[in-house]
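Taking it in order: structure first as structure tokens, then the write-up.
Chain letters run A, B, ... following the sequence lines, proteins first, then strands; residues in each count from 1.
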Amino acid sequence: MSIRAVRAAAWLAVAMGPIALGRLALSADPRPPESTALVRVSKSVSAQLSDAEPPLAVYVVAGSAELARSFATLLISELAARNLAPLAISAPSAEAAEAGARSRGARSLVRLQVALSNGVLQARGDLISTWVNFWSGQAGARSGRPAAVIYASVEADAQVLALAAAAATSAPLKAGELQLETAKLADLPTWTGALAAGDLNGDGADEIVALTNDEILAFSSDGRLLARRDHRGLGDSPVPCREPFGAISIQSRRIAYFSAARRKGEVLSLDAAGGEFRSLGAVNEVPVGAQGQTQIWGSFVPGRSAFAPELWSAGGERWSVPGPFWMLSFFSVPNGPRALIAFADGTASWGSGLGDLRRRVTTNAAAAMALIDVDGDGEPELVTTSSRYRPEADELRVLPAPPQSSARSASTPDGGAPSQELWRGTIQGGWALQLVGARAGAGRPDQIVVAVWMPDGSAQLRVFRRVAP
Amino acid sequence: MNRAMLAVIAASSALPCDDSLAASRARYGGNLRLAIAARPADANPSLADAPWDAALLSLTAKPICTLDDGRRIHPVLASEISWQGAIKLQIALRPGLRFHDDAALNAKEILASWSRLSQPSSKSPYRALLFAARPEALRVASAGASQQLLEVPLTFAWPDLAASLCHPALAIKAAAESRAGIGPFKPSSNAGELEANLGFPLGRPFVDRLSVAFTDERGAARRLALRQAQVVFGTAGQRPSADSPPALYATYLAFRAERVGADFRQAFDASIDRGDLTRFFVPAPSVAMNALLPPALMPQPAIQRPPVPAPGVRRALTLTFDQSLPEQRLVAERIQVKLHDLKYAIALRPVPRAQLRAAWASGDFDLMLHAVLLPPFAAPALAVAIELAGARELLSAELPAIGALVDAGERERAALERARALLPSLSLIPLYSQAIGIQASSEVISLGQDGYGLPALDDAILLPQ
């Protein structure tokens with residue numbers, strides 16, 4: 001057991017009582033508490049402990065102190081409701097917890113490790129009796145009272161992922177130092193054509209906006225549906241795409257979007273209190289992205305899931321990138337902007353802005369790529385999915401973004417394409433065609449939100465977030 | 001994604017892959033070369049109902065909707081298909097749809113396409129798909145200049161009507177014979193070539209062009225081997241399995257009871273094993289049928305071979321069959337031989353499909369091999385089979401009770417039960433059902449299929465070589 005895990009061991013006074021704890025859990029998430037992964041695991045564990053002899057000491061460790069504390073809170077609440085007189089134990093190790101429990105007068109002890117692994121929240125450990133027969137002397141032999149192995153697991157959700165998230169780091173990460181975990185954020189009825197993140201309510205954390213062929217939907221950072229709007233009233237495109245495709249750009253709490261299935265786009269604002277979007281007018285240009293405060297407009301290649309190479313801003317600036325492209329990602333850093341572009345021929349390029357995208361520096365680009373500050377050091381990483389068409393198992397990869405100068409350099413055969421991988425993980429269930437970085441709040445690294453096309457025609461939003469290794 | 005598409009993708013991903021050829025989004029472009037081991041089909045959708053014909057015709061003429069491989073309805077020419085109560089279906093047409101010659105599609109042409117199935121000159125067994133509709137009450141209820149609404153009143157509740165309208169035989173074509181319908185491709189100025197239709201409501205196909213060559217099975221295989229074709233329709237494939245497209249192209253032996261005698265069915269069952277008939281004379285993928293509907297729709301009972309009836313008076317009969325289907329000639333010859341000993345002197349009469357349908361419509365036949373593409377739902381499939389048996393009067397007795405069941409599963413069960421009960425009384429002997437045989441080269445990926453088991457070439461993607 002690591003020192004870090006030991007430090008994260010949580011304890012909570014039993015005096016708070018189950019009712020107060022229940023209220024705490026409710027206030028932490030407006031959804032019914034039964035719907036959160038943490039509550040479901042705590043209920044499952046408490047059911048397995050129903051034969052324990054009270055008072056029952058509870059010892060919980062996790063990679064994150066917040067996760068351990070939250071789980072212990074919920075579990076103790078459940079155990080109190082079962083009249084097991086739970087009490088929280090803090091100890092440097094699971095072995096030391098036994099002595100601690102005995103000294104506190106507990107007759108049994110549950111030792112649990114809570115972990116998030118591959119999108120699954122697990123609680124595992126054991127239940128032992130702390131009673132020792134006086135006549136066993138210094139041997140301290142355990143009694144024959146019931147002992148049990150405890151195990152429960154459920155699919156993780158955004159709440160668990162937020163509790164397990166690591167703090168931002170200041171130094172650049174090396175390979176092996178980055179650990180991401182994933183959770184499902186939301187389900188969508190159909191495949192997505194575009195995905196964006198932006199702070200729509202001023203709370204410092206980004207909301208997620210997804211576009212399908214029929215609707216635009218906004219979700220909170222924990223996956224709650226904030227608003228949805230049927231955009232079929234914008235008319236059918238005379239040259240629609242076979243695949244869902246489109247663009248969303250969020251600036252100053254305004255959402256500009258354009259689905260390739262529609263004749264025109266629209267600008268919206270979110271009325272979070274009313275749970276609806278408000279239309280601010282239609283647009284005839286495609287909001288491809290925003291470079292700093294400059295909104296970049298463009299157009300679709302007719303009938304194809306790609307943007308045309310000609311781009312422009314409202315101020316009259318015009319750019320022409322080397323070919324039709326799938327996505328454009330900007331990232332602002334103090335020493336200048338960064339831009340990443342994936343072309344529709346499977347190549348990609350990056351540079352310090354739209355005017356700098358002259359060379360194609362990698363030949364195995366994915367449609368889902370973005371510059372995201374995954375570790376919270378203020379510099380972007382390059383996040384990408386598989387470059388293969390509908391692979392059996394899609395993957396998410398995090399690579400260090402190339403230095404700003406490499407876009408102009410021809411010293412390496414592939415123009416400075418990053419090779420050292422910081423992290424790679426599997427995207428379960430489908431194919432990811434859009435990904436975006438979403439701010440998680442001050443002092444937190446950005447999270448990666450991925451839209452996954454499921455084989456049955458539905459879609460799923462998944463969030464990947466840095467956790468303590 | 002359907003299972004066939006998964007299999008194609010799995011096969012292609014097992015090949016050595018150059019990452020430079022990979023792309024996470026579908027690639028557009030290329031000229032897909034298709035070889036079909038059959039003769040060119042009739043332009044009338046109700047006559048182009050063999051799977052390979054229907055697959056080709058559906059590239060240029062779609063019905064108002066399609067069924068995906070999960071039997072879900074996807075509006076194509078319609079923007080919405082909705083029920084206004086139990087006995088009125090409302091169809092909102094997509095505004096601005098145009099044929100490739102720029103003529104606008106309107107609701108009247110849809111009504112004309114459907115009513116063509118019931119005209120004396122082109123009467124078709126597929127008119128049973130529209131039996132519940134009241135043809136005299138079909139009307140266009142325009143809701144404004146930008147959108148046209150079509151109301152389809154029914155004489156009785158028939159929830160499967162919406163899915164029935166997705167049948168390829170109900171593809172919408174304009175009255176002018178030269179004008180194709182609206183599909184993902186449109187005719188090109190080059191003969192034998194189709195080009196992508198940018199205005200197709202579900203989006204243009206991934207490939208730019210499709211070259212079509214008609215040949216025989218050996219020629220198609222040769223073209224594939226020489227890379228002159230990338231996809232071949234109509235070649236012998238595997239026997240149907242759990243992963244195969246549904247075999248819904250059902251072939252029946254229709255007979256006129258008054259001409260063939262009362263013990264004809266017994267004589268047929270006693271002397272001909274449908275399993276052997278299918279195995280030896282019908283190219284794969286095909287499967288024998290013992291029940292009124294094919295194995296894709298209902299479990300097949302074992303046939304108890306009845307005793308051979310005593311030979312009666314000698315009967316001179318004519319067996320009419322479709323000359324465009326080589327397997328029907330083989331099957332017809334086999335029936336001719338096997339029934340000869342029972343004093344049935346059968347003359348064979350190969351005819352074009354249009355002539356076969358005309359003979360069927362007028363009842364001018366003794367025996368007829370007749371194949372139809374059944375819908376993937378038991379209730380409308382039962383309706384087509386009853387119509388095919390010439391027992392149209394039964395439809396008004398059988399269908400309302402089935403249609404009154406709101407639950408789709410209950411309707412399915414009721415239809416299968418009636419199919420079992422009706423078979424002995426229908427002048428129809430089920431023989432075999434077929435699916436389309438397809439082979440594709442490794443450079444073609446994402447070749448899906450629809451609910452009828454027909455390949456969706458508009459979904460196909462060509463990898464660059």
Side-chain angles (χ1 to χ4, degrees), chain A residues 190-191 213-214 232-233 235-245 260-261 263 301-306 324-327 342-348 360 362-369 384-395 414 430-435 453-457, chain B residues 1-3 5-6 8-14 17-29 68-70 72 74-80 92-98 146-147 184 196-208 445-446 448 456 458-464:
Chain A
T190 58
W191 287 354
N213 264 356
D214 298 331
R232 286 178 290 182
D236 290 344
S237 166
V239 281
C241 264
R242 182 157 285 266
E243 295 180 313
F245 190 67
R263 187 175 290 274
V301 178
R304 299 189 179 203
S305 42
F325 63 95
W326 287 326
M327 56 70 48
F343 294 103
D345 61 359
T347 63
R360 301 185 179 196
T362 184
T363 56
N364 55 357
M369 299 176 81
T384 176
T385 58
S386 170
S387 61
R388 302 192 63 159
Y389 181 71
R390 297 191 181 175
E392 283 192 54
D394 207 341
E395 61 185 9
D414 64 354
W431 317 284
L433 272 293
Q434 295 101 22
L435 72 82
W453 289 6
M454 309 304 277
D456 65 358
Chain B
M1 179 191 287
N2 58 57
R3 290 183 296 249
M5 192 188 294
L6 274 173
V8 172
I9 290 173
S12 65
S13 63
C17 178
D18 180 356
D19 265 354
S20 65
L21 301 181
S24 56
R25 271 198 184 275
R27 283 183 183 274
Y28 287 83
D68 67 15
D69 60 335
R72 291 175 292 250
H74 293 269
V76 180
L77 306 185
S79 59
E80 192 172 350
L93 285 190
R94 288 184 195 268
L97 287 183
R98 294 189 170 276
S146 61
Q147 190 165 46
N197 178 9
L198 287 186
F200 184 57
L202 299 186
R204 55 155 289 174
F206 293 115
V207 298
D208 287 336
I445 62 169
S446 189
D458 42 332
D459 281 335
I461 297 168
L462 268 182
L463 292 176

Could you report the tightest heavy-atom contact between [X] and [Y], atom names first, then the distance?
X: B:Phe206; Y: A:Glu243; result: CZ-CG, 4.0 Å
X: B:Phe200; Y: A:Pro240; result: O-CG, 3.3 Å
X: B:Arg72; Y: A:Asp456; result: NH2-O, 4.2 Å
X: A:Arg242; Y: B:Pro184; result: NH2-CB, 3.9 Å

Pairwise distance OH(A:Tyr389) to CD1(B:Ile461) - rounded to 0.5 angstrom: 3.5 Å
From A:Arg304 atom CZ to B:Arg25 atom CZ, the distance as rounded to the nearest 0.5 Å: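 With rounding to 0.5 Å, CZ (A:Arg304) is 13.5 Å from CZ (B:Arg25).
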Pairs of heavy atoms under 4.5 Å with chain B: top-ranked of A:Val239, A:Leu433, A:Asp236: A:Leu433
Among the listed options A:Ala366, A:Ser305, A:Pro238, the residue most often paired with chain B at heavy-atom distances under 4.5 Å: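 Option with the top pair count is A:Ser305.
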Heavy-atom distances under 4.5 Å only: say whether [X] touches chain A with side chain, backbone, both or neither.
X: B:Leu97; answer: neither
X: B:Arg98; answer: neither
X: B:Asp458; answer: both

Within-4.5 Å side-chain heavy-atom neighbours: B:Ser79 and A:Arg232: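 No - every pair of side-chain heavy atoms lies 4.5 Å or more apart.
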